[in-house]
Structure formats: structure tokens, C-alpha cells
**Student:** 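Encoded as C-alpha cells, here's the structure I'll be asking about.
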Amino acid sequence: MNDTELSRKAFLLREQAAGLIYRGKSGHIGSDFSVMDILVTLFYLHLNVSPAQQTDPSRDRFILSKGHTAEALYCILCDKGFFPKEELETFCQFGSKYTGHPNKNINGVEINSGSLGHGLPVGVGMALAGRMQGQPYRVYVVMGDGELAEGSVWEGAMAASHFKLDNLIVIIDRNRLQISGTTESVMNPGDLRSRFESFGWQVWECPGNRIDALDQTISEAKASVGAPALVIANTIKGYGYSAAENQAKWHHKVPSEEEYQQILEELKERRAMIE
Amino acid sequence: MNTIPNRRAICETLMEKAGQDKTIVVLCSDSRGSASLEPFAQAYPQQFVEVGIAEQDLVSIAAGMASCGLKPFAASPACFLSTRSLEQIKVDVAYSQNNVKLIGISGGISYGPLGMTHHSTQDIACIASIPGMRVYLPSDRHQTKCLMEALVADDSPAYLRVGRNPVEDVYTSGQCNFVMDKATVLQQGKDITIIACGEMVREAQKAGEILKQKGISARVLDMYCVKPIDRQAVLDAARETGSILTVEEHSAFGGMGSIVSQIVSTCCPVPVVNMALPDQPAIAGTSRQVFDYYGLNASGIAENAERMIKSSGKIYPEH
């Protein structure tokens with residue numbers, strides 16, 4: 001699929017994620033819409049993963065460190081054939097394995113997440129293991145920007161550069177909002193580029209809701225040698241539904257019936273506008 | 001007197017196995033010296049990872065490695081490993097079903113004079129309450145070796161706590177009667193059962209001898225497997241000896257004694273008394289001084305056992 005087709009797909013997957021949240025009465029719609037283009041770019045253009053490769057030791061490893069965007073991930077995994085749609089429809093219902101944060105009982109999930117600040121150090125372990133075993137895979141970690149206040153992120157960042165893990169690529173969904181307000185007002189992450197560079201990382205930055213820009217930037221980051229790579233993907237929280245865009249209150253709001261219909265309409269319109 | 005601490009038995013076992021099994025990796029948090037793992041780091045540099053003073057990182061990195069097919073053994077002082085990294089143990093190791101073996105060194109009040117920052121007297125309670133985590137407190141170097149061999153061979157996560165100092169042998173080499181997840185009977189008896197774990201086992205063993213000289217027949221169990229505990233051994237003790245005294249280097253809240261008490265009160269109610277550390281920062285001192293101060297020694301155990309027998313199990317005044 002080309003970038004245009006994938007951009008359309010990202011809007012279609014947003015519709016599906018919104019449906020999961022609406023029917024499951026739980027989820028993080030603002031972050032799902034923000035991170036969707038990052039996940040689509042990874043899963044359809046970069047990650048060497050598939051339902052047939054789930055036990056292949058050379059497969060790429062993906063960690064959704066911001067586990068609250070599980071709906072976005074589930075819709076993609078479902079679309080890629082990791083599990084049937086009917087199963088996913090149990091999302092957040094009694095007894096379902098499709099919980100509000102990813103767990104390994106779900107095909108395609110490599111590590112249980114949801115507690116923030118774990119993905120990067122776990123990714124360091126996976127990247128070290130790959131190197132020790134001579135495996136060619138890369139480890140991709142998607143983090144949120146509010147998550148950067150967790151101290152364990154910086155322990156992992158220090159270790160990743162210490163071990164010169166150039167098989168590790170971290171993408172920050174930089175939407176500048178968290179549940180209580182702007183990241184700058186809650187706990188200012190500061191100049192991310194210079195902070196990570198001072199930790200010994202190679203850093204890229206790109207528009208985070210554009211598949212073409214993400215694709216090109218991730219391709220460049222993959223070529224990093226001797227240092228871990230960071231992509232700061234500048235996104236818009238709630239991207240695709242204008243009433244939710246840049247609104248912290250949509251962090252985990254469940255849409256009403258009316259809002260849900262508005263969301264579907266707007267996403268369809270936006271999808272149709274892509275040429 | 002034995003001069004080899006249990007932690008050295010851990011290093012020896014890992015070195016024996018690491019040559020054959022290249023998936024074994026050891027991780028330390030600036031703790032290779034205190035964990036006696038320097039020889040491993042020297043002999044197997046390709047299978048050794050130093051993460052610096054970052055215990056959360058230690059556990060997450062180990063979990064990531066385990067998820068990619070390695071067998072990590074992460075060693076760090078029990079005080080930091082068990083509580084600072086508790087979140088990582090819960091999420092990255094247990095919930096994510098990653099085969100990480102956590103080695104808590106210098107456990108309990110081993111670092112006696114250093115203050116409560118360095119004591120781990122709640123590690124059993126914290127870790128045993130996490131679904132999927134096992135908790136082991138071996139008593140001596142021989143049993144530690146047997147346990148380590150079993151842990152190297154299995155594929156699910158576990159926490160193992162050892163003390164800092166050499167402890168008197170409970171067993172002799174090759175004579176541990178070790179069966180994984182089964183308590184070891186150190187002395188048969190019918191009047192009362194003393195159940196101990198970790199460094200308290202040797203004291204319980206001596207207490208059993210003291211009681212024997214007084215004509216009291218005490219059963220003594222080494223419950224190194226705190227979780228999964230040997231339920232059958234506990235129930236047999238309750239039914240056959242009528243009262244149980246537990247002894248541990250841990251808080252009274254949520255330790256081995258709590259687990260024993262739950263089983264007994266539910267299935268076969270008989271008097272149970274828990275000997276443990278008090279609910280306050282432990283007094284400073286060597287392990288011996290601290291144990292003696294709190295009566296966690298052979299004579300203290302024997303006295304309590306005798307009082308339980310004489311008073312039908314009630315040795316403490318009722319509130």
C-alpha cells in the first residue's frame with residue numbers, strides 16, 4: 001500500500017477504534033487518534049511481523065509503551081489477521097482478554113503494558129538479547145510524551161546509549177497533552193531533542209500525523225549506527241475529530257451516541273478528502 | 001564453621017551451567033561484588049550485563065531479555081530489588097510471564113547496622129502477593145545449590161532470597177533431601193511443629209535439639225519454598241502435632257507465618273504462633289545481635305515452643 005492508501009486506512013482504523021470504545025464503554029480515544037498514523041506506518045511499512053511469524057526469533061519486536069492506546073493497536077493487529085474481528089468485539093467486556101491495556105494473551109502483543117515508563121527499558125533488554133543472539137531484528141517502542149515524567153524512562157535511555165543499541169528505535173507520540181492538561185504545564189519535558197542527544201541518542205523529528213513524513217523519518221532512524229534512535233513525532237491529540245483535537249478532556253472520554261455519529265461522519269469525510 | 005555464604009553457591013551453580021547453556025545471562029546493578037558474581041562476570045563476560053545503580057531498569061531489561069528467549073538471573077540487594085522494582089516485577093516479569101529469576105542478596109536484616117533502607121523484611125509479603133511469582137528462602141549453601149539447579153532448569157519466574165553472611169550448614173553436601181516445592185523434614189516429632197525458612201532454619205533445627213533434651217518431640221520443617229508453600233506438610237503438621245510455631249526473618253505481616261496461619265485456620269484450626277521481626281525499624285547490629293535481641297534464636301524458639309505446649313498454644317496474653 002502507498003502512503004495515500006495508508007492515510008485512508010488510518011482514518012478507517014480510527015473509525016473502528018472509536019467503535020470499540022463506544023461499544024466497550026472504555027478507552028483512550030484522544031491518544032488513539034493521535035498515535036494511529038505512527039502505528040500504521042510501523043505495522044504496514046516497517047515492522048517485520050505477521051501472524052505466521054509469531055514465534056520466529058528473528059521477527060521485529062514492537063512495544064506499545066503507552067499501553068492506553070490499546071484500541072488503536074488492536075484494530076491494526078485485527079486488520080493484519082492476528083485475530084478475528086468477532087473476538088475483538090468483546091473488548092473490555094466481562095472475561096475478555098482484550099483488556100483496556102495490551103497483554104500477551106493477545107496474538108501479536110509482545111509485552112504487557114499500561115503502566116507507563118516500562119517500554120523503553122524492556123526494549124533495551126530485547127535489543128540486548130537480539131545482539132547477544134546474533135538476531136537481525138529491530139526493537140520499536142512507542143511512548144507518550146506525558147510518560148516522559150517517569151524516571152524509569154531515563155534509566156532506560158541511559159542504558160540504551162551505554163550499550164550503543166542501534167537496533168532500538170523509539171518513537172514519541174508528541175501530542176503535548178496529558179490527562180490534566182498540557183505536558184508543559186503538568187511536568188515540562190523541556191527540549192526533548194537536546195535532552196535525548198545529551199543522553200547519547202540520535203534524534204529525528206517529523207510531523208506525526210503524516211504517513212509519508214513518518215515513513216521517511218523512520219527509514220532514516222533505522223540507519224542509525226552506534227546509538228539508539230529517537231523519532232519525535234509531532235502529533236495532534238484527537239486527530240481526525242475536530243471537536244476532540246487538542247482537547248485534554250478527550251483523553252479517555254467515551255463518546256455519546258451523538259458524538260459517535262459525528263466522529264464517524266467526520267472521519268469518513270476526511271478519508272474521502274485524501275487524494 | 002562454614003565460611004561460604006549462600007550467594008557464592010549461586011555463583012558456582014551459574015558458572016557450572018553457563019558454559020553449556022548460552023541462554024543463561026546474569027544481570028547486576030553495581031552489585032556483582034556483593035552478590036559474589038564477580039567470578040561469573042570474569043568467566044562469562046558475554047553472558048553478563050551490568051546496568052548500574054538502577055534496579056527498575058535491571059528488572060525491565062531482564063524481562064525484555066527473557067521475552068526473547070534468554071534465561072536472565074538478576075541479582076541485586078533484596079531491599080532494593082524487592083520494593084523499588086516491585087512494579088517491574090509485577091508487570092514486566094509476572095504479568096508478562098517472563099522467565100526472570102530474581103536473586104535478592106543480603107536479604108532480611110543482613111545489612112543490620114546500615115539501617116532500614118538496607119533491610120528487606122517485607123519482600124515475602126510484596127512478592128508472594130503477585131500472581132505468578134514464586135518465593136524461595138533457602139537455608140544453607142547446600143540447599144541453595146539444589147534450589148539453583150532446579151531454577152536453572154525451569155521456565156517460570158521466581159524470587160530467591162539469601163543472606164549476606166556465611167551461615168552454619170543445615171545439611172551436608174549431597175544430603176539435602178531436596179525435592180522442589182516440598183518442605184524438608186529436619187526432625188520428626190509429635191508434640192509441636194516448628195516451621196522455619198532462610199537463616200532461621202538452623203536456629204529452628206537447634207531448638208528442636210534443645211527440646212529433645214527436655215523430652216519434647218518437636219517436628220522441624222525447612223519451608224524454603226514459601227510460595228508455592230508445601231500445604232500438605234503444613235496440614236500434616238497441624239493434624240499430627242496439634243500446634244505450629246513459625247519462625248522467619250521477615251515482618252509478621254504477610255510472611256511465611258501468615259501463609260501457614262491461613263492454611264491452618266481454614267483447613268485444620270490448631271494454635272499457630274508466628275515468630276517474626278517486630279513492626280518497627282530493626283535495631284542496628286550484626287545478624288546475630290539482632291536475632292538475639294528479638295529472640296529469633298534457638299533458645300527463643302525452644303522457649304516459645306515449650307510455652308505453647310504447656311499452655312495449649314496460647315503464649316501471648318489476649319488483647
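Just so it is clear, the model here is predicted, and its values are computed rather than measured.
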**Student:** Pick whichever of Gly119(A), Pro121(A), Gly114(A) has the most heavy-atom pairs under 4.5 Å with chain B.
**Tutor:** Pro121(A)
**Student:** Checking Phe80(B) now: which residues fulfil ring-ring contact (aromatic ring centres under 6.0 Å, His included) with it, not counting sequence neighbours?
**Tutor:**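 Testing Phe80(B) for ring-ring contact (aromatic ring centres under 6.0 Å, His included), a comparison that skips the adjacent residues, returns His118(B).
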**Student:** Go through the atoms of Val49(B) and report whether side chain, backbone, both or neither lie under 4.5 Å from a heavy atom of chain A.
**Tutor:** side chain
**Student:** Which heavy atom of Ile61(B) sits nearest to which heavy atom of Ala159(A), and what is that distance?
**Tutor:**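 Nearest pair, atom of Ile61(B) first, then Ala159(A): CD1-CB, 4.2 Å.
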**Student:** Across chain A and chain B, going purely by atom type as modelled, what donor-acceptor pairs are there at a distance under 3.5 Å?
**Tutor:**
residue, atom, partner, partner atom, Å
Asp57(B), N, Glu155(A), OE1, 2.9
Cys68(B), O, Gln133(A), NE2, 3.0
Glu87(B), OE2, Ser115(A), OG, 2.0
Glu87(B), OE2, His118(A), NE2, 3.3
Asp92(B), OD1, His118(A), ND1, 2.9
Asp92(B), OD2, His118(A), ND1, 2.9
Tyr95(B), O, Asn112(A), ND2, 2.9
Ser96(B), O, Lys104(A), NZ, 2.6
Ser96(B), OG, Asn112(A), N, 3.1
Asn98(B), OD1, Lys104(A), NZ, 3.2

**Student:** For Leu114(B), I'd like to know if atom CG has over 12 heavy atoms of other residues, nucleotides or ligands within 6.0 Å.
**Tutor:** yes
**Student:** Ala129(A), Gly123(A), Ala127(A): which one forms the most heavy-atom pairs within less than 4.5 Å of chain B?
**Tutor:** Ala129(A)
**Student:** Less than 4.5 Å to any heavy atom of chain A: does that hold for the side chain of Ala62(B), its backbone, both, or neither?
**Tutor:**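 No part of Ala62(B) comes within 4.5 Å of chain A.
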**Student:** Looking only at heavy atoms and a cut-off of under 4.5 Å, which of Val51(B), Val25(B), Val91(B), Leu58(B) has the most pairs with chain A?
**Tutor:** Val91(B)
